[in-house]
Asks: 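Here it is, the structure in full.
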Amino acid sequence: MITTEIKQKILAAITDARRNFPSDAKHAASLGITTSVYSAVKNGQTDRVLSDANWISIARKLGVSLRGEMEWKAAKTPTFQYVTAQLEFCQQSSLSGILCDLPNIGKTFTARYYVNSHRNAVYIDCSQVKTKLKLIRKIAAEFGVESKGRYSDVYDDLVFYLRSIETPLIILDEAGDLQYEAFLELKALWNATERCCAWYMMGADGLKAKINRSIECQKVGYTEMLSRYGDRYCKVTPDSSDDRRAFLNEQARIVAKVNAPEGTDIAEIVRKTQGGLRRVYTEIEKLKRQ
């Protein structure tokens with residue numbers, strides 16, 4: 001049962017996300033609801049307008065937790081600043097790039113944060129949409145384009161829409177999980193929206209290894225795709241192990257300082273977590289529950 005309190009949280013998230021869409025209709029489509037239902041919810045009506053399943057679906061799309069979670073503030077770590085600058089540059093210039101770096105350094109958090117505050121930018125978790133059909137339908141749905149019809153129509157409508165709006169950006173996280181057919185379709189979609197749409201692919205070192213291995217094996221499409229994404233892999237962490245350790249610890253310190261309760265021993269959190277930001281979250285969560 002979705003409580004009134006949770007519905008109000010979801011409603012607040014809907015209101016906050018609206019600024020990133022050109023119309024109520026597009027926002028409603030991205031949430032998977034009709035414009036009439038959207039209008040009712042937007043006007044504060046929460047009873048008997050949506051099923052619990054619909055509320056849950058919208059909460060998932062907007063990142064609203066259905067259980068109590070602590071507030072987590074964005075910290076201006078080197079990763080946050082680097083990825084944000086890259087995304088802004090790509091979106092403003094309709095260019096593309098690839099970031100391949102260590103896991104657990106804040107790439108995903110930064111990408112999601114950016115999308116929540118920038119118009120015509122969408123975030124796609126490719127680990128959840130590994131196939132060609134699921135990927136393209138997901139991108140279409142995020143932009144509020146009809147995603148449930150014939151695949152060819154969805155694709156054509158998506159291309160038309162991307163070419164008609166101002167500086168769209170598509171962030172592809174966990175891109176190494178995509179199937180081969182999906183990679184080829186991304187190349188086709190890039191070609192169809194050249195100089196109209198920005199793309200930013202993110203993953204760990206496995207993504208870089210997968211692309212390089214496919215290029216070495218002369219697998220069709222990978223050389224062309226890498227070329228379209230700037231012909232190089234971006235990275236924020238230092239190569240030297242000592243420098244990398246210092247970098248990760250500094251990130252952990254910055255995040256802990258922003259989010260930990262007053263009086264917390266920040267150095268102790270850094271020592272416990274060894275720079276892992278998920279561990280930082282866990283340690284701070286423990287402190288706040290005491």
Asks: For the side chain of R244 and the backbone of T237, is there at least one donor-acceptor N/O pair under 3.5 Å apart?
Replies: no
Asks: Does S227 use its side chain to pair, donor to acceptor, with the backbone of T223 at less than 3.5 Å?
Replies: no
Asks: Does a side-chain N-to-carboxylate-O contact under 4.0 Å join E250 and R253?
Replies: yes
Asks: Closer than 4.0 angstrom, basic N to acidic O: yes or no for K286 and E283?
Replies: yes
Asks: When you measure from the side chain of T110 to the backbone of G106, do you find a donor-acceptor pair of N or O atoms at a distance under 3.5 Å?
Replies: yes
Asks: For a side-chain contact (heavy atoms from CB on, under 4.5 Å) check, start with the C-alpha distance between V41 and W55, then their side-chain angles and the critical distance, and finish with the verdict.
Replies: CA-CA 11 Å; V41 172; W55 283 112; 4.2 Å; yes
Asks: Please report the C-alpha distance between R213 and E216 in whole Å, then the side-chain angles of each, then the deciding distance to 0.1 Å, and finally whether the salt bridge (Lys or Arg N to Asp or Glu O under 4.0 Å) criterion is met.
Replies: CA-CA 5 Å; R213 184 170 60 250; E216 289 170 7; over 6 Å; no
Asks: For a quick check under 3.5 Å, do R228 and N191 share a side-chain donor-acceptor pair by atom type?
Replies: yes
Asks: Consider only side-chain N and O atoms of E181 and T131, and report whether a donor and an acceptor are under 3.5 Å apart.
Replies: no
Asks: Students often mix this up, so state it plainly: with edges at 30° and 60°, are the rings of F109 and F80 parallel, tilted or perpendicular?
Replies: tilted
Asks: Give the C-alpha distance, both sets of side-chain angles, the deciding distance and a yes or no for salt bridge (Lys or Arg N to Asp or Glu O under 4.0 Å) between D173 and K107.
Replies: CA-CA 9 Å; D173 199 5; K107 302 188 299 294; over 6 Å; no
Asks: Does Y38 offer a backbone N or O that forms a donor-acceptor pair with the side chain of D24 under 3.5 Å?
Replies: no
Asks: Using the ring of each side chain (for Trp, its six-membered ring), is H27 parallel, tilted or perpendicular to F21, with breaks at 30° and 60°?
Replies: parallel
Asks: Identify the residue among L99, N212, D205, D101 that makes a side chain to side chain contact (heavy atoms under 4.5 Å, CB included) with Y233.
Replies: N212
Asks: Do we see a donor-acceptor contact under 3.5 Å between the side chains of N54 and S51?
Replies: yes
Asks: Hey, are D242 and R245 close enough for a salt bridge, meaning a charged N less than 4.0 Å from a carboxylate O?
Replies: yes
Asks: Before accepting this row, confirm whether a basic side-chain N of the pair K138/E142 lies closer than 4.0 Å to the acidic partner's carboxylate O.
Replies: yes
